[in-house]
Asks: 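Let me give you the structure first, and then I'll get to my questions.
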Amino acid sequence: MILGIESSCDETAAAVVTPEGVVRSNVVTSQIPIHARYGGVVPELASRNHLVAIRPVIVQALDEAGVGLDQVSAIAVTSGPGLAGCLLVGLQVAKALAWARGLPLVPVDHIHAHVFAPFLIDHEGAAARDLAYPYIALAVSGGHTSLCRVDAPASAVTLGQTLDDAAGEAFDKVAKLMGLPYPGGVHIDRLAATGDAKRFELPRPLSAKGLDFSFSGLKTAARLAWEAHGEPARADLAASVQEAIVDVLVTKALRACRETGIPRLVVAGGVACNRRLRERLAQAAVRANVRAVITPARYCSDNAAMVAGLGAALLADGHALNGDAVLGADVYVTTRPDRTRAEMAR
Ligand code: KG4
Ligand code: ZN
């Protein structure tokens with residue numbers, strides 16, 4: 001059994017997964033109510049709350065899986081990217097457990113874990129059970145917007161990423177502007193269903209070339225539209241913003257498939273819950289002859305099952321820390337486009 005621990009942002013999570021990737025438990029506690037009143041995650045508050053939540057979450061994950069710590073054969077933990085103080089809580093707990101029990105420690109990259117999520121097996125099977133490597137992966141969340149080429153569980157290369165805001169951050173900032181609760185992505189998704197996506201012509205930043213993303217200009221354009229039209233335009237603006245973000249994500253994901261000649265695409269991360277993104281991606285993939293695997297919604301937002309699942313695959317490939325090396329593991333805050341998973345685990 002692999003115990004996975006995740007604490008990179010505002011979710012404290014633990015999960016137990018078998019070496020084959022079968023999810024035995026998946027416990028997530030969210031700090032959303034704590035941060036909602038500030039309209040975003042307050043890093044120090046998040047770290048302190050991870051300290052409070054982490055032990056009960058791990059105990060619950062073991063209980064629900066029906067296993068004791070003595071049946072755990074390795075600890076997988078998110079070591080980055082994320083908020084340093086938050087990552088340190090999960091990593092220190094993982095190190096302490098691994099050290100005390102003489103277990104291997106598998107540091108896992110959060111973004112790579114997101115795009116591994118469709119390989120997890122549960123009562124509904126696995127979304128990507130027979131998906132072959134290499135595949136293109138789009139990870140879209142509140143903190144990240146990255147396109148990778150994944151060559152093996154332990155090897156992924158970043159092809160493009162956001163130069164400013166993440167896609168989820170763009171959703172959340174526009175939602176905040178319109179007075180919607182935090183995190184706003186899901187509220188924009190709901191509102192957009194009743195709006196006219198063609199009403200506002202918003203920029204599609206960098207959509208013409210390359211595989212990098214930029215969403216800060218879109219946010220400014222949305223602010224100007226909101227200031228000019230206000231409340232009565234709420235649903236139309238939500239629909240127009242959503243369409244602009246989805247347009248760019250779909251265009252770039254399929255461009256990555258075309259340019260690399262890889263007809264397989266995995267989409268993951270909190271924003272992959274967006275209904276319009278799921279619909280547009282599925283349609284565009286069929287037209288482009290690409291097999292698109294969109295992560296089941298239950299594994300899109302931050303969780304530790306994806307960390308334990310990738311941890312199990314990395315462990316099988318020999319990418320674990322043992323003995324004194326466990327104590328040397330460290331966190332990193334930003335994406336490391338030049339490094340593969342295997343290098344990150346060292
Ligand atoms: O992966 P995640 O749970 O945490 C991070 O690693 O950031 O992603 C959270 C992000 C938030 O920005 C949230 O607004 C967005 O995912 N999100 C959505 C939807 N559901 C969650 N964005 C658009 N449409 C949704 N339905
Ligand atoms: Zn995430």
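Each ligand, and each atom within it, is numbered from 1 in the order the structure gives. Heads up: numbering here begins at 1 and tracks the sequence. Model, not experiment: these values are computed from the prediction.
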Asks: Would you say Ser216 and Asp165 are linked by a side-chain donor-acceptor pair, where the criterion is simply a distance under 3.5 Å?
Replies: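 There is no such pair between these side chains.
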
Asks: Of all the non-hydrogen atoms in the protein, which one sits nearest to atom 17 (N) of ligand 1, and at what distance?
Replies: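 Looking only at protein heavy atoms, the one closest to atom 17 (N) of ligand 1 is Gly270 O, 3.6 Å.
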
Asks: Are His110 and His144, when compared by the centres of their aromatic rings, separated by less than 6.0 Å?
Replies: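 Judged by ring-centre distance (under 6.0 Å), His110 and His144 do meet the cut-off.
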
Asks: Answer yes or no: does an N/O atom from Phe171 fall short of 3.5 Å to an N/O atom of ligand 1?
Replies: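 No: no nitrogen or oxygen of Phe171 is under 3.5 Å from one in ligand 1.
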
Asks: Answer yes or no: is there an ion pair linking Arg278 with Asp189, defined by an N-O contact shorter than 4.0 Å?
Replies: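 No, Arg278 and Asp189 are not salt-bridged.
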
Asks: Taking both backbone and side-chain atoms of His144, is any N or O found less than 3.5 Å from an N or O belonging to ligand 1?
Replies: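 No; every N/O pair is 3.5 Å or more apart.
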
Asks: Are the side chains of Val174 and Gln242 in contact, using a 4.5 Å heavy-atom criterion?
Replies: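 The answer is no, as the side chains (C-beta and beyond) never meet within the 4.5 Å cut-off.
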
Asks: For the CG atom of Leu314 and the CG atom of Asp109, what is their distance to the nearest 0.5 Å?
Replies: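 So the gap between those two atoms works out to 10.0 Å.
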
Asks: Is any side-chain heavy atom of Arg223 less than 4.5 Å from a side-chain heavy atom of Lys173?
Replies: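 No, too far: nothing below the 4.5 Å cut-off.
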
Asks: Taking heavy atoms and a distance under 4.0 Å, where does Arg275 meet ligand 1: side chain, backbone, both or neither?
Replies: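 Neither; nothing of Arg275 gets under 4.0 Å from ligand 1.
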
Asks: Does Arg190 come within less than 4.0 Å of ligand 1, judged by its heavy atoms?
Replies: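 No; Arg190 lies far enough from ligand 1 that no heavy-atom distance drops under 4.0 Å.
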
Asks: In terms of heavy-atom contacts, does CD of Glu227 have more than 12 from other residues, nucleotides or ligands at under 6.0 Å?
Replies: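 Yes, the 6.0 Å shell around CD holds more than 12 heavy atoms from other groups.
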
Asks: Any N or O on Asn274 sitting closer than 3.5 Å to an N or O of ligand 1?
Replies: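 Looking only at distances, the answer is yes, because the N/O contact criterion of under 3.5 Å is met.
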
Asks: Can you name the one residue among Thr29, Thr12, Asp10 that meets side-chain hydrogen bond (donor to acceptor under 3.5 Å, both in side chains) with His50?
Replies: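 That would be Thr12; it is the only one of Thr29, Thr12, Asp10 passing the side-chain hydrogen bond (donor to acceptor under 3.5 Å, both in side chains) with His50.
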
Asks: Counting only heavy atoms not in Arg199 (residues, nucleotides, ligands), do more than 12 fall under 6.0 Å from its CZ?
Replies: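 Yes - once you tally the heavy atoms of other residues, nucleotides and ligands closer than 6.0 Å, there are more than 12.
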
Asks: Answer yes or no for Gln242: is there a heavy-atom contact with ligand 1 below 4.0 Å?
Replies: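 Gln242 does not count as a contact of ligand 1 under the 4.0 Å cut-off.
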
Asks: Nearest protein heavy atom to atom 9 (C) of ligand 1, by residue and atom, and its distance?
Replies: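 Going by distance alone, atom 9 (C) of ligand 1 is nearest to Gly142 N, 3.7 Å.
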
Asks: Would you check if Val293 and Tyr135 make a side-chain contact, meaning some heavy-atom pair closer than 4.5 Å?
Replies: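 No, their side chains stay 4.5 Å or more apart.
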
Asks: What protein atoms of element N, O or S are positioned under 2.8 Å from the Zn ion (ligand 2)?
Replies: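 You should have found His110 NE2, His114 NE2, Asp302 OD1.
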
Asks: I'd like to check which ligand 1 atoms, numbered from 1 as shown, lie under 4.0 Å from a non-hydrogen atom of His110.
Replies: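 With His110 as reference, the close atoms of ligand 1 come out as 6 (O).
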
Asks: Got a sec, which hydrophobics cluster with Ile121, joining ILVMFWY side chains under 4.5 Å apart, including via others?
Replies: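 Besides Ile121, the cluster holds Val22.
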
Asks: Are the charged groups of Lys219 and Glu169 less than 4.0 angstrom apart, N to O?
Replies: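 Salt bridge: no.
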
Asks: To check your reading of the model: name the closest protein heavy atom to atom 26 (N) of ligand 1, its residue, and the distance in Å.
Replies: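 Checked against all protein heavy atoms, atom 26 (N) of ligand 1 sits closest to Asp189 OD2, 2.8 Å.
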
Asks: Run the numbers for me: atoms of ligand 1, each under 4.0 Å from some heavy atom of Ser301, listed by number.
Replies: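 Close to Ser301: 1 (O), 3 (O).
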
Asks: With side-chain contact (heavy atoms from CB on, under 4.5 Å) as the test, pick out the partner of Arg298 among Asp122, Asn303, Val23.
Replies: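 Going through Asp122, Asn303, Val23 one by one, the side-chain contact (heavy atoms from CB on, under 4.5 Å) with Arg298 is satisfied by Asp122 alone.
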
Asks: My understanding is that we take every heavy atom of each candidate and find the minimum distance to atom 12 (O) of ligand 1. Doing that for Val186, Ile32, Asp172, which one comes out nearest?
Replies: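 The residue whose heavy atom sits nearest atom 12 (O) of ligand 1 is Asp172.
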
Asks: Atom 2 (P) of ligand 1: which protein heavy atom is closest, and how many Å away?
Replies: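 The protein heavy atom lying closest is Asp302 OD1, 3.6 Å.
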
Asks: Of the protein's non-hydrogen atoms, which lies at the shortest distance from atom 22 (N) of ligand 1, and what is that distance?
Replies: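 Looking at atom 22 (N) of ligand 1, the protein heavy atom closest to it is Gly185 CA, 3.4 Å.
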
Asks: With a 4.0 Å cut-off on heavy atoms, is Cys9 touching ligand 1?
Replies: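 Contact check Cys9 vs ligand 1: negative.
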
